[in-house]
Enquirer: 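Mind having a look at this structure? Questions to follow.
Everything numeric in this text was worked out from a predicted model, so none of it was measured.
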Amino acid sequence: MILTLDIGNSRIKSAVFGQSGDLNLTDAWSVDDWSGIATYATNQNIRFIIFSTVANEPPKAWLTELQKSGIRCEALTHESPLPFHSQYRTMNTLGRDRIAALAGAIELLPGVDCLIADMGTCLTLDVLLQTETARASLGRSSTGKFPLFIGGNISPGLRMRLGAMHEGTQRLPLVSIQPLDQMLGLDTESALQHGGLGGMIYEIEGLFSRLCAKFPDLRLLITGGDAKIVQEHLKSTSLFQPHLVHYGLYQISTLYAA
């Protein structure tokens with residue numbers, strides 16, 4: 001059994017995978033509940049843990065104790081064995097969640113060109129080319145069968161957009177996130193709501209449309225905390241996978257045994 005850990009600023013999300021790659025269990029922990037996670041790993045007969053972190057590192061003593069008990073632990077970094085090639089210039093600064101999401105796309109949609117939209121604190125939009133035709137259009141057919149990450153964009157997430165308009169002005173209120181019932185707001189509150197959510201929707205669809213002109217078989221794969229409300233308003237067909245990072249961590253974990 002393999003345990004994947006997505007370590008955030010305030011909590012840790014976990015998933016348990018069987019040897020065949022089936023996701024069996026998901027859970028969440030407070031960011032300092034390392035003893036609880038260790039007990040959980042033992043009870044689930046975990047033999048391999050792979051973790052991705054944006055801020056909080058597991059205590060060294062915790063890692064040492066797990067390894068003594070026969071559980072292998074690996075941290076996801078840009079130097080981990082990855083199932084894709086990359087033309088990103090600074091892989092050392094590429095977010096671990098973005099790396100895992102790219103690997104997750106390979107696990108879930110093998111052989112499919114993807115725009116991956118991750119809607120969390122920030123919106124990240126990353127392009128993964130898996131078809132030979134798409135790679136060849138960039139002169140990169142020499143990558144063989146390996147998927148190719150060609151780059152992506154980062155912009156404010158939904159809450160950051162709404163918060164910035166409130167904090168950066170004297171009079172604009174901080175509004176809640178609400179579904180859009182029309183294209184335009186009819187008062188200041190709804191105008192802010194439409195601008196925040198609508199702007200994010202148009203950004204995703206606009207980039208997707210432009211990319212499809214070059215890569216006609218491109219699929220839109222979405223994840224993150226705000227993905228469901230955005231998906232309700234997307235005109236483009238999309239696949240929502242809330243556990244994309246975990247699928248990617250699992251995919252990468254299999255490469256350690258290769």
Enquirer: Considering only NZ, NE, NH1 and NH2 on the basic side and carboxylate oxygens on the acidic side, decide whether R159 and D226 come within less than 4.0 Å.
Expert: yes
Enquirer: Between L129 and L138, is there a side-chain heavy-atom distance shorter than 4.5 Å?
Expert: yes
Enquirer: Can M119 be reached from M160 by stepping across I, L, V, M, F, W or Y side chains whose heavy atoms are under 4.5 Å apart?
Expert: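 The answer is no; the residues belong to distinct hydrophobic clusters.
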Enquirer: Report yes or no: does T223 contribute a side-chain atom to a donor-acceptor pair with the main-chain N or O of Q241 at less than 3.5 Å?
Expert: yes
Enquirer: I150, L207: one ILVMFWY side-chain cluster at the under-4.5 Å cut-off?
Expert: yes
Enquirer: Provide the full list of side-chain hydrogen bond (donor to acceptor under 3.5 Å, both in side chains) pairs with a residue in residues 94-117, sequence neighbours left out, each pair given once.
Expert: Y88-R98, R98-D126, D113-T131
Enquirer: Are L211 and I154 joined in one hydrophobic group, where the rule is that I, L, V, M, F, W and Y side chains link up if heavy atoms are under 4.5 Å apart?
Expert: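 Looking at the clustering, I154 is in a separate group from L211.
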Enquirer: Checking side-chain polar atoms at under 3.5 Å, does T4 have a donor or acceptor matched by the opposite partner on Y247?
Expert: no
Enquirer: Assess the residue pair H246 and K13 against the criterion (side-chain contact (heavy atoms from CB on, under 4.5 Å)); give the C-alpha distance rounded to whole Å, side-chain angles, the decisive distance to 0.1 Å, and a yes or no.
Expert: CA-CA 9 Å; H246 291 292; K13 290 174 284 187; 3.8 Å; yes
Enquirer: Decide whether M91 and I116 are clustered together by the hydrophobic rule: side chain heavy atoms of Ile, Leu, Val, Met, Phe, Trp, Tyr closer than 4.5 Å, transitively.
Expert: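 The answer is yes; both residues are in one hydrophobic cluster.
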Enquirer: State, with a plain yes or no, whether a side-chain heavy atom of T26 is found less than 4.5 Å away from one of H243.
Expert: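 Yes, close enough: below the 4.5 Å cut-off.
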Enquirer: Quick one: CZ on F208 to CG on L218, what's the gap to the nearest 0.5 Å?
Expert: 5.0 Å
Enquirer: Decide yes or no for N153 and T124: does some side-chain heavy atom of the first lie under 4.5 Å from some side-chain heavy atom of the second?
Expert: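 A side-chain contact is absent here, since even the closest heavy-atom pair is not under 4.5 Å.
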Enquirer: Ignoring hydrogens and angles, tell me if any N or O in the side chain of D6 forms a donor-acceptor pair with the backbone of S14 under 3.5 Å.
Expert: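 Absent.
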Enquirer: Would you say that M200 contacts R161 through its side chain, given a criterion of any heavy-atom pair below 4.5 Å between the two side chains?
Expert: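 Yes; the side chains approach each other to less than 4.5 Å.
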Enquirer: With side chains defined as the heavy atoms from C-beta onward, is the minimum distance between D22 and F17 less than 4.5 Å?
Expert: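 Not touching, per the 4.5 Å side-chain cut-off.
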Enquirer: Does the Q130 side chain pair with the main chain of L109, one donor and one acceptor, at a distance under 3.5 Å?
Expert: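 Side chain of Q130 to backbone of L109, a donor-acceptor pair under 3.5 Å: yes, one is there.
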Enquirer: Provide the closest heavy-atom pair for Y256 versus S80 in the form atom of the first, atom of the second, distance.
Expert: OH-OG, 3.2 Å
Enquirer: Backbone N or O of L172 within a donor-acceptor pair of the H166 side chain at under 3.5 Å?
Expert: yes
Enquirer: To check you understand the geometry: which heavy-atom pair defines the closest contact between C73 and Q67, and what is its length?
Expert: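 Reported closest heavy-atom pair: O-NE2, 3.9 Å.
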Enquirer: Check for a donor-acceptor pair, side chain of Q193 on one end and backbone N or O of L180 on the other, with a separation under 3.5 Å.
Expert: no
Enquirer: Does a sphere of radius 6.0 Å around CZ in R11 hold more than 12 heavy atoms from other residues, nucleotides or ligands, not counting ones at 6.0 Å or beyond?
Expert: no
Enquirer: Can a donor-acceptor pair be found, under 3.5 Å and without considering hydrogens, that links the side chain of S238 to the backbone of L234?
Expert: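 Here the side-chain-to-backbone pair does not exist.
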Enquirer: What is the minimum heavy-atom distance between L220 and A117, and which atoms define it?
Expert: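 Shortest heavy-atom separation between L220 and A117 comes out as CD1-CB, 4.4 Å.
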Enquirer: Can you see which heavy atom on L244 is nearest to which on A105, and at what distance?
Expert: CD1-N, 3.7 Å
Enquirer: Checking side-chain contact (heavy atoms from CB on, under 4.5 Å) between L115 and each of L128, I222, L221, L125, which is the one that passes?
Expert: L125
Enquirer: Which pair of heavy atoms, one from Q251 and one from A103, lies closest together, and at what distance?
Expert: CG-O, 3.8 Å
Enquirer: Just verifying a value: how many Å separate L162 CG and M165 CE, rounded to the nearest 0.5 Å?
Expert: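 One gets 5.0 Å once the value is rounded to the nearest 0.5 Å.
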Enquirer: Carefully, step by step, assess V112 and D217 under the rule side-chain contact (heavy atoms from CB on, under 4.5 Å).
Expert: CA-CA 8 Å; V112 177; D217 296 324; over 6 Å; no
Enquirer: Quick one: OH on Y202 to NZ on K235, what's the gap to the nearest 0.5 Å?
Expert: 8.0 Å
Enquirer: What's the spacing between C114 SG and L108 CG if we round to 0.5 Å?
Expert: 9.0 Å
Enquirer: Report yes or no: do E74 and S253 form a side-chain donor-acceptor pair below 3.5 Å?
Expert: no
Enquirer: Do H194 and M183 touch side chain to side chain, with heavy atoms closer than 4.5 Å?
Expert: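 Contact flag for H194/M183 side chains = no.
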Enquirer: Mark yes or no for whether T90, through its side chain, and N92, through its backbone, hold a donor-acceptor pair below 3.5 Å.
Expert: no
Enquirer: What's the separation between atom CZ in R219 and atom SG in C212, rounded to the nearest 0.5 Å?
Expert: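 That separation rounds to 11.0 Å.
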Enquirer: Quick one, S176 with Q178, criterion side chain to side chain donor-acceptor pair (under 3.5 Å). Give me CA distance, side-chain angles, the key distance, then yes/no.
Expert: CA-CA 6 Å; S176 61; Q178 297 293 334; 3.1 Å; yes
Enquirer: Is any NZ, NE, NH1 or NH2 atom of the basic residue among E65 and K60 found under 4.0 Å from an Asp or Glu carboxylate oxygen of the other?
Expert: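 No, this pair does not count.
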Enquirer: Give, for atom CZ of F149 and atom CG of L82, the distance between the pair rounded to the nearest 0.5 Å.
Expert: 11.0 Å
Enquirer: Could you tell me if the side chain of V230 sits less than 4.5 Å from the side chain of E232, heavy atoms only?
Expert: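 Answer no - side chains too far apart.
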Enquirer: So L148 and S86, side-chain contact (heavy atoms from CB on, under 4.5 Å) or not? Walk me through it.
Expert: CA-CA 6 Å; L148 177 65; S86 173; 5.8 Å; no
Enquirer: With no hydrogens and no angle check, just 3.5 Å: does a side-chain donor-acceptor pair link S190 and D187?
Expert: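 The criterion, which ignores hydrogens and geometry beyond distance, is satisfied for D187 and S190.
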Enquirer: Could you tell me if the side chain of I177 sits less than 4.5 Å from the side chain of L158, heavy atoms only?
Expert: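 Yes; the side chains approach each other to less than 4.5 Å.
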Enquirer: Mind telling me whether H85 and F146 have parallel, tilted or perpendicular rings, with 30° and 60° as the class edges?
Expert: tilted
Enquirer: Which other residues belong to the hydrophobic cluster containing F51, where Ile, Leu, Val, Met, Phe, Trp and Tyr are joined when side-chain heavy atoms lie under 4.5 Å apart, directly or via other members?
Expert: M1, L3, L5, I7, I12, V16, L25, W29, V31, W34, I37, Y40, I46, I49, W62, L63, L66, I71
Enquirer: Considering all heavy atoms of both residues, which atom of I252 and which atom of P83 are nearest to each other, and what is their separation?
Expert: CG1-CD, 4.1 Å
